[in-house]
Amino acid sequence: MLLDRAGREISYRRIKVEVLSGPDQGRSFVADGGELSIGTADGNHLQLTDPAVSRHHCVVAVVPRGYQLADLGSTNGTTVAGIGIERALVQPGAVVELGQTRLRFDIGDDRVREPLAVEERWGRALGRSPAMRRIFALLPRLAGGDTSLLLEGETGTGKSLLAEVIHDASTRRAGPFVVVDCGAIPPTLIESELFGHEKGAFTGATAARRGVFEAAAGGTVFLDEIGELPLEMQPKLLRALEDRVVRRVGGNEVVRLDVRVIAATNRDLRQEVNRGRFRTDLLYRLNTVRLRVPPLRERRDDIGVLAGHFWTQFANDPQAAPPAELLIDWLRRDWPGNVRELRSAVERAVLLDDPTIWAEISTTVAVAEPAAAAPVDFDDAASFRVAKERAVAAWERGYVRELVRRHDGNLSRAARAARMDRNHLRELLRRHGVSITDE
């Protein structure tokens, strides 16, 4: 992938594949964009008939370091040079085996050129890297339409923020932006949450209630973590999206929809289709436009600008900036929690107001032992503030661990019981390595 000297566009050679042997020998495909998917299901760029190939078998994508082949959790696997791979960089001429099919990966002579935004922000979204400015160049067109969008990316990459800024720039900006966390609603209540219910529809339904799709009329519904939606609920959502009507639980009246749907997931839904956890037809309906939000480790140019932005926020000083030694340390990290993890690191650093202390505790906080009242671990090398931070971290982890255990892993109930914002509780759980199913 090449960046032009003016920094206005990126270019890459087209991806090509040709079937060398198997039921589809002679078939080939040349990609128009930065990805080429292979499988037996409709919607793949190269659709095969080989019964030993999975519905969504593998994908070749342009990445900063070249061309990456990734298996999508196929049944029979993907092999290159006799070695089974999950993800690997491949060179032109590589022969790939899947099922009974052998195909050759290659690249074309002509280049695909994609524009980059000049500005380093779009709305409240920030990014200096080519990867983010590539997205910023697309957002005006996406905001100007009304089609469904699917945002894919690891947890903490900023999918929710992008959904909101797309809504804010759209013709629906005057309408509501309603967020549904599909992973936080009990399966027995999600139909009522989405479509509403009539009085007496079930035990506890003491009054009629509008669902999310009704409440968001004229605006946008953001279905966060759509990959967590129960399988039995997926056909009902599909019908609502296709027919643009819903019925409340226990009701007969048809409610016409006037909403735009943006969905987000930290999973590759094609893999979920292969595993039988997500419906192919719903994937196609949501996947009208798919946008991958890259992890922070793939856009290190953004670490400095994001850290500076968060620093001025938490320091409440527009002139404040993080110390150079902290920036150097942050630039070396992989950030598995992405932008959300960086934001937490900046918040902690501003709170401590001492780079040395931050460096001492940054690796101990995540592994602190849970305890309701942890004994102080005296260390002659540690200052009072460091020892205090370690003790607080241990207590905090013990508290959130016990909190989610008492509420059977239900994030929403735990947050209500603690009188805490659900997103803040989710961040504490992530920070301390506690899952919502932690016993």
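- For residues 221-232, every residue pair satisfying the side chain to side chain donor-acceptor pair (under 3.5 Å) rule, not counting sequence neighbours, is listed here: Glu228-Arg267.
- Separation of atoms NE2 (His56) and CG (Asn44) is listed at 5.5 Å; rounding is to 0.5 Å.
- With sequence neighbours excluded, the residues forming a side chain to side chain contact (heavy atoms under 4.5 Å, CB included) with Val118 are Arg8, listed by chain and number.
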Assess whether salt bridge (Lys or Arg N to Asp or Glu O under 4.0 Å) is satisfied between Glu35 and Arg290, documenting all intermediate values.
-> CA-CA 11 Å; Glu35 183 178 279; Arg290 172 173 162 265; 3.1 Å; yes
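- With sequence neighbours excluded, no residue forms a ring pair (Phe, Tyr, Trp, His ring centres under 6.0 Å) with Phe278.
- Listed by chain and number, the residues in a side chain to side chain contact (heavy atoms under 4.5 Å, CB included) with Thr147 are Leu149, Arg260, Thr288, Val289 (sequence neighbours excluded).
- The line from CG of Asp334 to CD of Glu298 is 11.5 Å long, rounded to the nearest 0.5 Å.
- Within a 6.0 Å radius of CZ in Arg87, other residues, nucleotides and ligands contribute 12 heavy atoms or fewer.
- With contacts defined as side-chain heavy-atom distances shorter than 4.5 Å, the pair Val17/Val96 does not qualify.
- Within 6.0 Å of CZ in Arg406 there are 12 or fewer heavy atoms belonging to other residues, nucleotides or ligands.
- Scanning both residues, Arg270 and Ser37, for their nearest heavy atoms gives NH1-CB, 4.0 Å.
- For Ala321, there are no side chain to side chain contact (heavy atoms under 4.5 Å, CB included) partners two or more places apart in sequence or in a different chain.
- The shortest distance between side-chain heavy atoms of Leu223 and Asp181 does not fall below 4.5 Å.
- In this structure, His167 contributes its side chain and Gly175 its backbone to a donor-acceptor pair below 3.5 Å.
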Worked check of side-chain hydrogen bond (donor to acceptor under 3.5 Å, both in side chains) between Asn338 and Thr157 | CA-CA 5 Å; Asn338 294 295; Thr157 51; 5.6 Å; no
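- Applying the side-chain hydrogen bond (donor to acceptor under 3.5 Å, both in side chains) criterion to Arg128, with sequence neighbours excluded, gives Glu120.
- Annotation for Glu119: atom CD does not count as buried by contact number, only 12 or fewer foreign heavy atoms lying within 6.0 Å.
- Judged as a side-chain hydrogen bond (donor to acceptor under 3.5 Å, both in side chains), and not counting sequence neighbours, Arg210 has no contacts.
- Atom CG of residue Leu126 and atom CE of residue Met132 lie 8.5 Å apart, to the nearest 0.5 angstrom.
- Two residues are said to be in side-chain contact when any heavy atoms from C-beta on lie closer than 4.5 Å; Ser11 and Glu114 fail this criterion.
- Here Asp71 pairs with nothing under the salt bridge (charged side-chain N to carboxylate O under 4.0 Å, His left out) rule; sequence neighbours left out.
- Thr155 and Asn266 form a side-chain donor-acceptor contact under 3.5 Å, judged by distance and modelled atom types alone.
- Annotation: ring pair (Phe, Tyr, Trp, His ring centres under 6.0 Å) contacts of Phe29 (sequence neighbours excluded): His45.
- Put simply, the side chain of Leu283 does not reach to within 4.5 Å of the side chain of Arg279, judged on heavy atoms.
- Residues satisfying the side chain to side chain contact (heavy atoms under 4.5 Å, CB included) test with Arg14, not counting sequence neighbours, are Val30, Asp32, Asp110, Val112.
- Inter-residue side-chain proximity for Arg285 and Ser148 is flagged as met; some heavy-atom pair is nearer than 4.5 Å.
- Side-chain contact of Asn274 with Ser54: a donor-acceptor pair under 3.5 Å is absent, judged by distance alone.
- Taking the side chain as every heavy atom from C-beta outward, Leu429 and Leu411 approach each other to under 4.5 Å.
- For the pair Leu194 and Val180, the minimum side-chain heavy-atom distance is below 4.5 Å.
- For the ring pair (Phe, Tyr, Trp, His ring centres under 6.0 Å) test, residues two or more places apart in sequence or in another chain that qualify with Phe202 are His197.
- For Phe310, there are no ring pair (Phe, Tyr, Trp, His ring centres under 6.0 Å) partners at least two apart in sequence or on another chain.
- At a threshold of 4.5 Å between non-hydrogen side-chain atoms, the residues Leu286 and Ile226 count as touching.
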